[in-house]
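To start, the structure itself, in structure tokens.
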Amino acid sequence: MRFSLTTWNINSVRLRIDLVAKFLKSVRPDVLCLQETKCIDDAFPLKRFKRLGYEHIALNGQKGYHGVAVISKLPFDNTDIRTFCDKIDSRHISVSFGEKAQLAKPLVLHNFYVPAGGDIPDPALNPKFEHKLQFLDEMKACEPLHPRGDDRHILVGDLNVAPHENDVWSHKQLLKVVSHTPIECEKLLAAQAHGEWFDVARMRIPMSEKVYTWWSYRAADWTLADRGRRLDHIWVSRALKDGVSDFRITRDARGWERPSDHVPVTATLEV
DNA sequence: ATGGTCGCCGAGCGA
């Protein structure tokens, strides 16, 4: 079965529900994973998604901050929520598709919102950066995030790290900027390698090519300097990697009215 | 140029 999914840090799902609807009407992924929904579950715009044909929704929201959601045309068999760093932050939700979605073999999907980490790239001075590093270590150690054998697992989200040189507009100028410091890049890549995950973007786009999914709000004209970073990721397990048929970044979405600072990232694969 | 802009809510924090 051909399966498509999108990850998008929406930076308030209620404020940008019309943009989400516009995206879903045009791209129609089977599953949409959102981060930074910024609302409690009771305030989530369920009906709008259901009208758009996305009837299966798994939520892990909290008031004002963070929040992740999986919005799907296909029914789930199970959903799960994990916590990290002994905090109750809503930064993870996973769903599994199986019999209800008429899949012969299960498909597990993890949706993450990794802590941004504040401004100062020193864990001794900045507790938010310390939290980010610990979160990445816990992701690496987390047993359910280690697909084995022919497990069909996908991990997506705003991982808040641009791990490779061409995942940022200037490797040199961002070496001391949180999101591209060596320590967090190493930790993210260690989690990726330890789980035997494959980075779909870099399977499809050469390492020599610049790739971004986020542009700061603080630039006068985001297109002019094009100072982006690749913070949003789609990883797949070994069993899925050869079935990937498409990968796209909806860069245009950064120029929509009242946009998120992140754009949708979509992969299509055989499952 | 060491700022700048967002969204949460209703001041200041987090990104």
Side-chain angles (χ1 to χ4, degrees), chain A residues 7-21 23 33-45 48 59-69 83-92 111-123 125-136 156-163 167-170 172-181 183-185 187-188 212-233 251-265:
Chain A
T7 178
W8 193 5
N9 178 321
I10 195 60
N11 188 15
S12 173
V13 67
R14 287 180 294 172
L15 187 72
R16 281 184 245 286
I17 186 64
D18 289 341
L19 296 188
V20 180
F23 173 80
C33 294
L34 296 177
Q35 304 87 32
E36 279 206 272
T37 53
K38 292 189 173 176
C39 71
I40 59 171
D41 295 349
D42 285 346
F44 198 90
R48 189 72 183 275
L59 299 175
N60 179 14
Q62 73 182 77
K63 186 179 171 68
Y65 299 99
H66 322 314
V68 289
T83 57
F84 294 82
C85 308
D86 295 318
K87 291 179 187 283
I88 54 158
D89 291 357
S90 294
R91 296 185 178 276
H92 168 268
N111 179 15
F112 272 97
Y113 175 50
V114 172
D119 289 330
I120 304 165
D122 182 342
L125 298 176
N126 174 10
K128 291 199 278 283
F129 193 63
E130 183 185 31
H131 176 213
K132 182 180 197 175
L133 298 182
Q134 189 186 340
F135 195 101
L136 293 169
V156 307
D158 175 5
L159 305 185
N160 263 319
V161 180
D167 293 341
V168 293
W169 63 274
S170 168
K172 276 190 181 173
Q173 286 181 252
L174 287 165
L175 275 169
K176 291 180 179 173
V177 174
V178 172
S179 72
H180 192 63
T181 64
I183 188 169
E184 58 192 307
C185 294
K187 286 184 184 296
L188 185 78
Y212 314 134
T213 65
W214 173 91
W215 293 261
S216 172
Y217 282 128
R218 297 179 195 177
D221 181 343
W222 71 278
T223 58
L224 196 63
D226 196 20
R227 294 183 169 184
R229 305 178 200 168
R230 186 170 74 100
L231 304 179
D232 303 277
H233 299 266
R251 183 185 162 101
D252 288 358
R254 186 62 180 79
W256 293 351
E257 197 178 338
R258 293 198 82 182
S260 169
D261 44 356
H262 297 251
V263 298
V265 178

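Below, read A as the first sequence line, B as the second, and so on, with proteins coming before strands; counting in each chain starts at 1. Because only heavy atoms are used, hydrogens play no part in the values below, and waters and symmetry mates are left out as well, while side chains stay in.
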Quiz prompt | side-chain contact (heavy atoms from CB on, under 4.5 Å) between A/Asp89 and A/Tyr113, intermediate numbers included | solution = CA-CA 10 Å; A/Asp89 291 357; A/Tyr113 175 50; over 6 Å; no
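Between A/Asn11 and A/Ser260, the side chains place no donor N or O within less than 3.5 Å of an acceptor N or O (distance only, hydrogens not considered).
Residue contacts for A/Arg16: at a heavy-atom cut-off of 4.0 Å it reaches the sugar-phosphate backbone alone, with no base atom in range. Among the atoms of the strands shown, none is found under 4.0 Å from any heavy atom of A/Arg229. At the heavy-atom level, A/His131 lies nowhere under 4.0 Å from the strands shown.
By the ring pair (Phe, Tyr, Trp, His ring centres under 6.0 Å) test, A/Phe84 is found to be paired with A/Phe112, A/Phe135, residues two or more places apart in sequence or in another chain being considered. The ring pair (Phe, Tyr, Trp, His ring centres under 6.0 Å) search around A/Trp222 returns A/Trp215, not counting sequence neighbours.
On the C1' atoms, B/dC9 is 13 Å away from B/dG14, given to the nearest whole Å. Atom C1' of B/dG7 sits at a distance of 14 Å from the matching atom of B/dA11, rounded to the whole Å. Comparing the P positions of B/dA1 and B/dG12 gives a spacing of 32 Å, expressed to the nearest Å.
In terms of position on DNA chain B, the residue among A/Ser12 and A/Ala219 whose nearest nucleotide sits closer to the 5' end is A/Ala219.
The nucleotide range of DNA chain B contacted by chain A, defined by atoms under 4.0 angstrom from heavy atoms of the protein and reported 5' to 3', is B/dG4 to B/dA15.
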